[in-house]
Amino acid sequence: MPLLQEGFQIEGFDASEEMLNYCRDACQKRNLSADLTLQTFEEFSYGKSFAAIIVPAGSFQLITDEVAAAAVLKRFYDHLAPEGRLIIDLDPIGGILAPPGPIRSWTTEGGDLLTLTDNRVQTNHLAQTTLSHSRYDLWRNGALIETELELFKLRWWGVHEFRLALRDAGFADVQVSGNYQHGRAPQPEDEIFTFEAKRVTA
Ligand SMILES: C[S@@+](CC[C@H](N)C(=O)[O-])C[C@H]1O[C@@H](n2cnc3c(N)ncnc32)[C@H](O)[C@@H]1O
């Protein structure tokens with residue numbers, strides 16, 4: 001949203017129509033417009049190239065197969081103009097392996113209580129993946145009305161490992177920053193790492 005507000009021309013995709021609709025609503029409220037399409041990391045395609053591709057919020061870690069992740073990095077590379085930049089946020093290993101936080105809760109517009117309980121149920125140190133159960137419970141006057149379970153799989157990356165993956169996909173000039181302080185090398189206590197890499201060839 002801040003990039004649109006700065007006047008950059010932005011296009012975006014997500015695999016969920018619901019998420020795209022949240023984005024459309026947020027744009028409309030601010031009188032902004034972006035070209036949004038329903039596509040996946042694995043198959044997205046545009047008949048043009050971009051000056052930058054940004055994957056925020058650790059979303060890249062939802063690609064849990066390393067071969068698939070390498071193919072997606074190559075697809076990003078192929079969609080960048082020469083000198084174009086790929087910018088990807090990754091959550092550090094510590095956050096992914098940390099014990100789950102407390103139960104979160106919200107009151108709905110109708111006065112019901114919604115709770116979210118996260119539990120990590122599998123950790124695969126070889127594949128570098130975790131599987132969590134996100135359990136959503138809807139309560140009315142203390143009685144459980146409905147439960148929904150979301151299976152949530154993530155992959156963690158080492159900093160050096162991800163640098164190498166970017167280089168393998170053809171990227172150069174890889175820079176890593178910690179906690180959104182551009183140019184400041186990552187530190188062990190950082191909550192987010194941002195990788196920036198360039199396509200140098202035509
Ligand atoms: C952490 S959320 C980020 C949402 C939003 N891009 C943002 O930055 O606020 C992760 C998003 O990735 C989307 N997603 C999950 N798997 C995907 C895939 N294979 N291809 C494209 N989007 C995917 C989900 O639908 C979800 O909206």
Side-chain angles (χ1 to χ4, degrees), residues 12-23 36-44 53-77 86-106 108 112-139 144-169 171 174 176-180 186-195 197:
F13 71 82
D14 195 286
S16 154
E17 192 64 49
E18 197 177 343
M19 287 299 275
L20 291 172
N21 283 334
Y22 284 123
C23 189
L36 303 175
T37 49
L38 186 70
Q39 302 199 69
T40 63
F41 288 131
E42 294 79 3
E43 293 186 357
F44 78 89
I53 295 176
I54 305 175
V55 189
S59 302
F60 188 79
Q61 289 162 277
L62 295 166
I63 308 163
T64 52
D65 176 81
E66 63 180 288
V67 176
V72 173
L73 289 180
K74 186 76 181 68
R75 190 171 280 268
F76 289 147
Y77 186 89
L86 174 67
I87 299 165
I88 295 189
D89 289 339
L90 295 184
D91 292 324
I93 301 165
I96 291 178
L97 295 184
I103 295 175
R104 287 189 276 166
S105 65
W106 300 265
T108 68
D112 293 336
L113 179 69
L114 186 64
T115 57
L116 168 58
T117 313
D118 274 317
N119 272 313
R120 181 153 43 88
V121 295
Q122 250 178 42
T123 303
N124 182 333
H125 289 93
L126 188 63
Q128 298 178 197
T129 57
T130 55
L131 175 67
S132 300
H133 286 177
S134 298
R135 178 184 164 144
Y136 297 83
D137 288 317
L138 185 66
W139 305 86
L144 182 59
I145 303 296
E146 203 179 331
T147 293
E148 226 180 276
L149 189 68
E150 185 188 14
L151 303 187
F152 192 60
K153 204 169 172 190
L154 284 175
R155 183 181 201 279
W156 74 82
W157 292 82
V159 171
H160 188 57
E161 178 192 22
F162 200 65
R163 277 181 189 276
L164 295 178
L166 288 166
R167 282 189 205 145
D168 274 354
F171 288 98
V174 181
V176 195
S177 308
N179 276 1
Y180 297 123
Q187 304 293 319
E189 63 279 3
D190 285 343
E191 289 177 9
I192 194 89
F193 297 151
T194 303
F195 291 75

With a 4.5 Å cut-off on side-chain heavy atoms, are [Y] and [X] touching?
X	Y	result
Phe76	Leu166	no
Glu42	Ile63	yes
Phe41	Val55	yes
Ile192	Asn179	yes
Arg135	Asn119	no
Tyr180	Thr194	yes

Practice task
Count the heavy atoms of every other residue, nucleotide or ligand shown that sit under 6.0 Å from CD1 of Ile145, and state whether that count exceeds 12.
Solution key: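 Counting neighbours around CD1 of Ile145, more than 12 heavy atoms of other residues, nucleotides or ligands fall under 6.0 Å, so yes.
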Exercise for the section: For atom CD of Glu43, decide whether the heavy atoms of other residues, nucleotides or ligands shown that lie under 6.0 angstrom number more than 12. Expected result: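 Atom CD in Glu43 is not packed in, count stays at 12 or less.
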Does any N or O in the side chain of [X] come within less than 3.5 Å of the main-chain N or O of [Y], such that one atom is a donor and the other an acceptor?
X	Y	answer
Arg120	Pro100	no
Asp14	Ser16	yes
Gln61	Arg155	yes

Minimal non-hydrogen separation, [X] against [Y], with atom names:
X	Y	answer
Ala197	Val174	CB-CG2, 4.0 Å
Leu97	Thr123	CD2-CG2, 3.9 Å
Ser105	Thr115	CB-CG2, 3.9 Å
Asp190	Gly178	OD2-CA, 3.2 Å

Can you tell me how far apart [atom1] ([X]) and [atom2] ([Y]) are? Round to the nearest 0.5 Å.
X	Y	atom1	atom2	value
Asp89	Glu191	CG	CD	12.5 Å
Phe44	Thr37	CZ	OG1	10.0 Å
Leu131	Thr64	CG	OG1	9.5 Å
Glu66	Thr129	CD	OG1	10.5 Å
Gln128	Leu126	CD	CG	8.0 Å
Ile54	Ser59	CD1	OG	12.0 Å

Problem - Between Phe195 and Phe171, ring centroids under 6.0 Å - result: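 No, the ring centres sit 6.0 Å or more apart.
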Exercise for the section: Using the six-membered ring wherever Trp is involved, compare the ring planes of Trp157 and Phe60 and label them parallel, tilted or perpendicular (cut-offs 30° and 60°). Expected result: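 Trp157 and Phe60: tilted rings.
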Problem - Axial cation check for Trp106 ring with Arg104, 6.0 Å and 45° limits - result: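 Verdict for Trp106: no cation-pi partner in Arg104.
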Tabulate below the donor-acceptor pairs under 3.5 Å that side-chain atoms of residues 147-154 make, not counting sequence neighbours, or state none.
from	atom 1	to	atom 2	distance (Å)
Thr147	OG1	Asp137	OD1	2.7
Glu150	OE1	Tyr136	OH	3.3

